[in-house]
Amino acid sequence: MSWIPPEQALATALERCTAIQLEAIRSTSRQLCIQAGAGSGKTRVLTLRIARRVADEELDPTRGLVATFSRKAAEELRQRLFLLGVRDLQAGTIHAIALRMLNDFRSDRRQRKVVLVPDRTRMISSVLETSSSSGMRPAAIEAEISWAKSRGLTPTSYLEAASFAGRKSPGPRQEIAETFLRYEQLRRQQEKLDLDDLLLEATRLMSEDLSFREAMQWRYQHLSLDEAQDLNPAQRDLLLVLAGDDPDLTFVGDPNQSVYGWNGADPNLMADLVDRYPKTQTVILLANHRSTKRIVDVANAALGAPGARSTAREGGTPPSVLSFPTEGDEARGIALTILQKKSKPETLNSTAVLARTNAQLQAVADELDAVGVPYRFAGGDLAPGVDSRTTVNRSTPELETDAPTGVVLATFHRSKGLEWSSVFVIGVAEGIVPFSAASTHEELAEERRLLYVALTRATDTLTISWSERRSNAGRAEGRRRGPSPWLATIEQELARQARAEMPLEGEERQRQLDRLRKIASDALND
């Protein structure tokens, strides 16, 4: 592909934007909220807005910052901005930005750089070895500590806050609080910070040190935030102290894709930013430029918004729902369906199987191996501060690669931000979608958003499946279960689509012809 001058690339990209996208890109508001649904081109709009402002000298790139929540997303932002001629603007995860701030603060005061806890779960394990515990897994305690720190809680305040939030802790809260305290003592003894500490410490220093805060606000005069729906309270607090009272701030996100509650993310925090800055202009991008309208309507139905106003391209294959006797039968059925695509490698590369858990994916992987279809796991959670990695199976070379051949296997969480032409969303059964551990209103709402994210990864073909029984070593086990409670609204939507596409017959056909004749007659008379 030939190189395109940045000015031409920007002009061409702007010509291809819709009117509502251009409204966001050309807005001169100091505070701008872009509420962007799935497939609406939010990252494209954000980067074009930055590039347009740099070209019009509204934004000094050397004093600009765009923050996001994974290194993969940050790298994509940098690449897009580079192609549009923006070279000096800093893009990174919120954690990386906080680390840079802290190291700059320490460097100015001739203090040593931050030393990070390399593995918080391992450090918690070492703490548990010296205490009598109830047998809680270190990873479960680590997740609870992460939740607490995302809210700025201490080991002491955790007890009351967890109780007030109705949080289902993985074990006795008093024991978790004590482990939390001992972990904090060991971390401080080793003079280390963990990822959550980076946010809390940077916020504290800017709040307490006026000169440091002013220096950071001068350096980062133009702020942009991608994936704003994934903010947790600690990240929000850092953003607010950096932004100040009247910031140059653009933030983009979709509350319907907020799925990181385990990390403290709260979709309401995006609306909170709008409330804090009353002059904020809000632009809503509704059109889906990724998926067919059939898929968009099914996803809206799953979200609990059947018939929601949506714009998307027509055509594509009608989505389908498949049921199987057991999970093993489901995995085998999906593998055999995919086998039919094997003769076209480019089709395999644009196919994904998405599941709520890794265990479900492994069952599909075993069946794909059995029929000789290459696949790859989409590894590395796209959670804050974490890279994504890719591993391959026995049917492909034993090497890590950026673009191996094969069907992608991914959890719902790891599929966020990605897309494929053909998507199989499996295991949409009772106890799995929503996940059995979810019970509160907030947890169930997030599970529903997670299903919505999975469904909207498909661009052309969507297949949803579920099974009546679990299976072990090929044998059905456990009680019979039903489909996910959210599958009913999906099937209702599919039935509506089928009715709308049925040829008209008899009296209904005559009524439609009479109506069309009247419309034509009225138009001629006018």
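Source: prediction; values computed, not measured.
- Under the 4.0 Å criterion applied to side-chain N and carboxylate O atoms, E468 and R480 are assigned as salt-bridge partners.
- Just one of Q235, K149, R120 meets the side chain to side chain donor-acceptor pair (under 3.5 Å) condition when paired with D196; it is R120.
- With a 4.5 Å cut-off on side-chain heavy atoms, V298 and I295 do not count as touching.
- No donor-acceptor pair under 3.5 Å is formed between the side chain of T12 and the backbone N or O of A9.
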Intermediate values then yes/no, side-chain hydrogen bond (donor to acceptor under 3.5 Å, both in side chains), E330 and S465 | CA-CA 7 Å; E330 182 180 13; S465 66; 2.6 Å; yes
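- Residues T440 and E446 are not in side-chain contact: their nearest non-hydrogen atoms beyond the backbone lie 4.5 Å or more apart.
- Judged by distance alone, with hydrogens and angles left aside, the side-chain atoms of S27 form no donor-acceptor pair with the main-chain N or O of E23 at under 3.5 Å.
- F412 has its side chain within reach of V425: a pair of non-hydrogen atoms, C-beta onward, lies under 4.5 Å apart.
- Interatomic distance, I464 CD1 to L462 CG, rounded to the nearest 0.5 Å: 4.5 Å.
- Taking all atoms of both residues into account, the shortest heavy-atom contact from T317 to R294 is C-NH1, 3.8 Å.
- Here the closest heavy-atom approach between residue W420 and residue N349 is recorded as CD1-O, 4.0 Å.
- Of all the heavy atoms in N263 and S150, the pair that sits closest is O-CB, 3.4 Å.
- Residues Q229 and Y260 form no side-chain contact, since every pair of their non-hydrogen atoms from C-beta on lies 4.5 Å or further apart.
- Scanning all heavy atoms of the two residues, the minimum distance from H95 to L195 falls at CD2-O, 3.2 Å.
- Considering CZ of R414 and CG of L409, their distance stands at 11.5 Å, rounded to 0.5 Å.
- When side chains are defined from C-beta on, I338 counts as touching V353, because their heavy atoms get closer than 4.5 Å.
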Where do F424 and V364 land on the side-chain contact (heavy atoms from CB on, under 4.5 Å) test, with the steps shown first?
-> CA-CA 11 Å; F424 295 83; V364 175; over 6 Å; no
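- Residue E491 places its CD atom among more than 12 non-hydrogen atoms of other residues, nucleotides or ligands, all under 6.0 Å distant.
- Inter-residue side-chain proximity for F251 and I34 is flagged as unmet; no heavy-atom pair is nearer than 4.5 Å.
- Note that R356 lies in the cation-pi zone of F435, set by a 6.0 Å cut-off to the ring centre and a 45° limit from the axis.
- A donor-acceptor distance shorter than 3.5 angstrom exists from the side chain of D254 to the backbone of N256, with no hydrogens or angles considered.
- The pair R457-E419 does not meet the salt-bridge criterion, since no charged nitrogen lies less than 4.0 angstrom from a carboxylate oxygen.
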Before giving the answer on side-chain hydrogen bond (donor to acceptor under 3.5 Å, both in side chains), spell out for S169 and Y158 the whole-Å C-alpha distance, their side-chain angles and the decisive distance to 0.1 Å.
-> CA-CA 11 Å; S169 303; Y158 160 76; 3.1 Å; yes
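- Note: T456 OG1 to L303 CG = 9.5 Å, rounded to the nearest 0.5 Å.
- In this structure, the side chain of R469 does not engage the main chain of E327 through any donor-acceptor pair within 3.5 Å.
- The heavy-atom pair separating Q21 from G41 by the smallest distance is NE2-CA, 4.5 Å.
- One side chain, T357 or Q360, offers a donor N or O that lies under 3.5 Å from an acceptor on the other.
- Ion pairing of K72 with E75 is absent here, as no side-chain N (NZ or NE/NH1/NH2) approaches a carboxylate O to less than 4.0 Å.
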So E76 and T43, side-chain contact (heavy atoms from CB on, under 4.5 Å) or not? Walk me through it.
-> CA-CA 9 Å; E76 180 183 356; T43 303; 4.3 Å; yes
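- S421 and D460 form a side-chain donor-acceptor contact under 3.5 Å, judged by distance and modelled atom types alone.
- Counting non-hydrogen atoms of neighbouring residues, nucleotides and ligands closer than 6.0 angstrom, the CZ atom of R137 reaches no more than 12 such neighbours.
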Quick one: do Q31 and T280 satisfy side-chain hydrogen bond (donor to acceptor under 3.5 Å, both in side chains)? Show the steps, please.
-> CA-CA 5 Å; Q31 290 102 43; T280 299; 4.6 Å; no
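- Between the side chains of S439 and K168, at least one donor N or O sits under 3.5 Å from an acceptor N or O.
- With no hydrogens or angles considered, a side-chain donor-acceptor pair links Q362 and D366 at under 3.5 Å.
- A donor-acceptor pair is defined here as one N or O able to donate and one able to accept, closer than 3.5 Å; such a pair exists between the side chain of R44 and the backbone of A13.
- The main-chain N or O of T351 is never found under 3.5 Å from a side-chain atom of S422 such that the two would form a donor-acceptor pair.
- Remark: side-chain polar atoms of T337 are paired, donor with acceptor, to backbone N or O of G333 under 3.5 angstrom.
- The side-chain contact (heavy atoms from CB on, under 4.5 Å) test with I20 is passed by exactly one of I25, V45, L285: L285.
- Within the 4.5 Å cutoff, side-chain heavy atoms of S224 are placed close to those of I50.
- Rounding to the nearest 0.5 Å places CG of L89 at 6.0 Å from CG of L81.
- With rounding to the nearest 0.5 angstrom, the CG atom of L354 is 8.0 Å from the CG atom of L361.
- With hydrogens and angles left out, the side-chain atoms of T250 and R49 include a donor and acceptor closer than 3.5 Å.
- Atom CG in D194 sits 8.5 Å away from atom CD1 in I145 (nearest 0.5 Å).
- No donor-acceptor pair closer than 3.5 Å links the side chain of S320 to the backbone N or O of T463.
- The nearest pair of heavy atoms linking D230 to F69 is O-CE2, 3.7 Å.
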When you look at R236 and D266, which way does the salt bridge (Lys or Arg N to Asp or Glu O under 4.0 Å) test go after all the steps?
-> CA-CA 10 Å; R236 185 271 316 273; D266 183 347; over 6 Å; no
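- Listed for the S40 side chain is a donor-acceptor partner under 3.5 Å among the backbone atoms of G37.
- Between S415 and V453, some side-chain heavy-atom pair lies under the 4.5 Å cut-off.
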Chi angles and distances behind the salt bridge (Lys or Arg N to Asp or Glu O under 4.0 Å) call for E430, R479 = CA-CA 11 Å; E430 178 186 6; R479 67 173 181 83; 3.5 Å; yes
Before giving the answer on side-chain contact (heavy atoms from CB on, under 4.5 Å), spell out for H413 and W262 the whole-Å C-alpha distance, their side-chain angles and the decisive distance to 0.1 Å.
-> CA-CA 11 Å; H413 278 103; W262 56 267; 4.1 Å; yes
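- A donor and an acceptor atom, one from each side chain of R481 and S467, are located under 3.5 Å apart.
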Tell me, with the steps shown, if T311 and N288 meet side-chain contact (heavy atoms from CB on, under 4.5 Å).
-> CA-CA 6 Å; T311 303; N288 187 309; over 6 Å; no
